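Okay, so here's the structure we're looking at.
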Amino acid sequence: MRHRKHGRQLGRNTKHRLAMFRNLVTALLEHERIETTKAKAKELRGIADTMITLGKDGSLHARRRALGFIRKKNVVSKLFDDVAGRFQGRPGGYTRIIPTRRRPGDAAELVAVELIERAEVAPAATPEPVPDEAGKTSS
């Protein structure tokens, strides 16, 4: 019986599972969008929300707790300086799961996990039309 047991085992032992989730959270906060399986994404949601809540707290104790879980110091800095500010007025639910495709090898359901309010990526610069001698613009 599995009474009072939470979380998915995902076919891994405890240490491997913890390391995998640490890597996934670090990648999600670094890139703000990652692709993974549906089961991993559902477990990742709660952990990522906890890290963003720590970032919103902003205290030294919260920063040290985040440093104990997230693998890269620059990602923790990004979390506390940039990401947490975007979610200051939101009480929770910082991530969304979007179904993308099925993996060719084993037909696993893949989903994209992304932050609700992502940093806008500047579009590629398009050259402005230059007026020619007659005053007409050419492209």
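This is a predicted model, so every value here is computed, not measured.
Thr37 is linked by a side chain to side chain contact (heavy atoms under 4.5 Å, CB included) to Lys40, Arg103, Ala108, Leu110, counting only residues two or more places apart in sequence or in another chain. Remark: Arg64 pairs with no residue by the salt bridge (charged side-chain N to carboxylate O under 4.0 Å, His left out) rule, at least two apart or across chains. Legend: residues meeting salt bridge (charged side-chain N to carboxylate O under 4.0 Å, His left out) with Arg96, ordered by chain and number and at least two apart, are Glu114. By the side chain to side chain contact (heavy atoms under 4.5 Å, CB included) test, His16 is found to be paired with Arg12, Asn13, residues two or more places apart in sequence or in another chain being considered. Residues passing the ring-ring contact (aromatic ring centres under 6.0 Å, His included) test with Phe80: none are found, sequence neighbours excluded. Contacts of Asp57 classified as side chain to side chain donor-acceptor pair (under 3.5 Å), with partners at least two apart in sequence or in another chain: Ser59. Residues satisfying the salt bridge (charged side-chain N to carboxylate O under 4.0 Å, His left out) test with Arg8, not counting sequence neighbours, are Glu43. Evaluation of the salt bridge (charged side-chain N to carboxylate O under 4.0 Å, His left out) rule for Arg71 yields no partner, not counting sequence neighbours. Taking Lys38 as the reference, Lys42, Glu109, Val111 meet the side chain to side chain contact (heavy atoms under 4.5 Å, CB included) condition, with sequence neighbours excluded. Under the side chain to side chain contact (heavy atoms under 4.5 Å, CB included) criterion, Asp82 pairs with Glu32, Lys78, Arg86, sequence neighbours left out.
Atom CD of Gln88 is surrounded by more than 12 heavy atoms from other residues, nucleotides or ligands within 6.0 Å. By the 6.0 Å contact criterion, CZ on Arg17 is enclosed, its count of non-hydrogen atoms from other residues, nucleotides or ligands being greater than 12.
From Arg22, atom CZ reaches atom CE of Met51 across 9.5 Å, with rounding to the nearest 0.5 Å. Atom OG1 of Thr36 is separated from atom CG of Asn23 by 11.5 Å, given to the nearest 0.5 angstrom. Atoms OG and CG, from Ser77 and Leu67 in turn, are 7.5 Å apart once rounded to the nearest 0.5 Å. We find the OG1-NZ distance between Thr26 and Lys72 to be 7.5 Å, quoted to the nearest 0.5 Å.
Closest non-hydrogen pair, Ala112 versus Arg33, comes out as CB-NH2, 3.4 Å. In terms of heavy-atom proximity, Ala48 sits nearest to Thr95 at CB-CG2, 4.2 Å. Of all heavy-atom pairs between Arg90 and Lys56, the closest is O-NZ, 2.5 Å. Of all heavy-atom pairs spanning Leu79 and Ile52, the tightest one is CD1-CA, 3.9 Å. Taking all atoms of both residues into account, the shortest heavy-atom contact from Val113 to Leu28 is O-CD1, 3.4 Å.
Looking only at side-chain heavy atoms (C-beta outward), Arg101 and Glu35 come within less than 4.5 Å of each other.
Applying the ring pair (Phe, Tyr, Trp, His ring centres under 6.0 Å) definition to pairs two or more places apart or across chains, those involving residues 91-111 are Phe87-Tyr94. Sorted by first then second residue, the ring pair (Phe, Tyr, Trp, His ring centres under 6.0 Å) pairs that include residues 17-64, not counting sequence neighbours, number zero.
Criterion: ILVMFWY side-chain heavy atoms under 4.5 Å apart, direct or through other members. Under it, Leu10 and Ile47 are part of a common hydrophobic cluster. Connection of Leu24 to Ile98 is not established within any shared hydrophobic cluster, with ILVMFWY side chains joined at heavy-atom distances below 4.5 Å, either directly or through further cluster members. Transitive grouping of hydrophobic side chains (ILVMFWY, heavy atoms separated by less than 4.5 Å) brings Val83 and Ile116 into a common cluster.
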Stepwise side chain to side chain contact (heavy atoms under 4.5 Å, CB included) check, Val25 with Thr50: CA-CA 10 Å; Val25 168; Thr50 303; over 6 Å; no

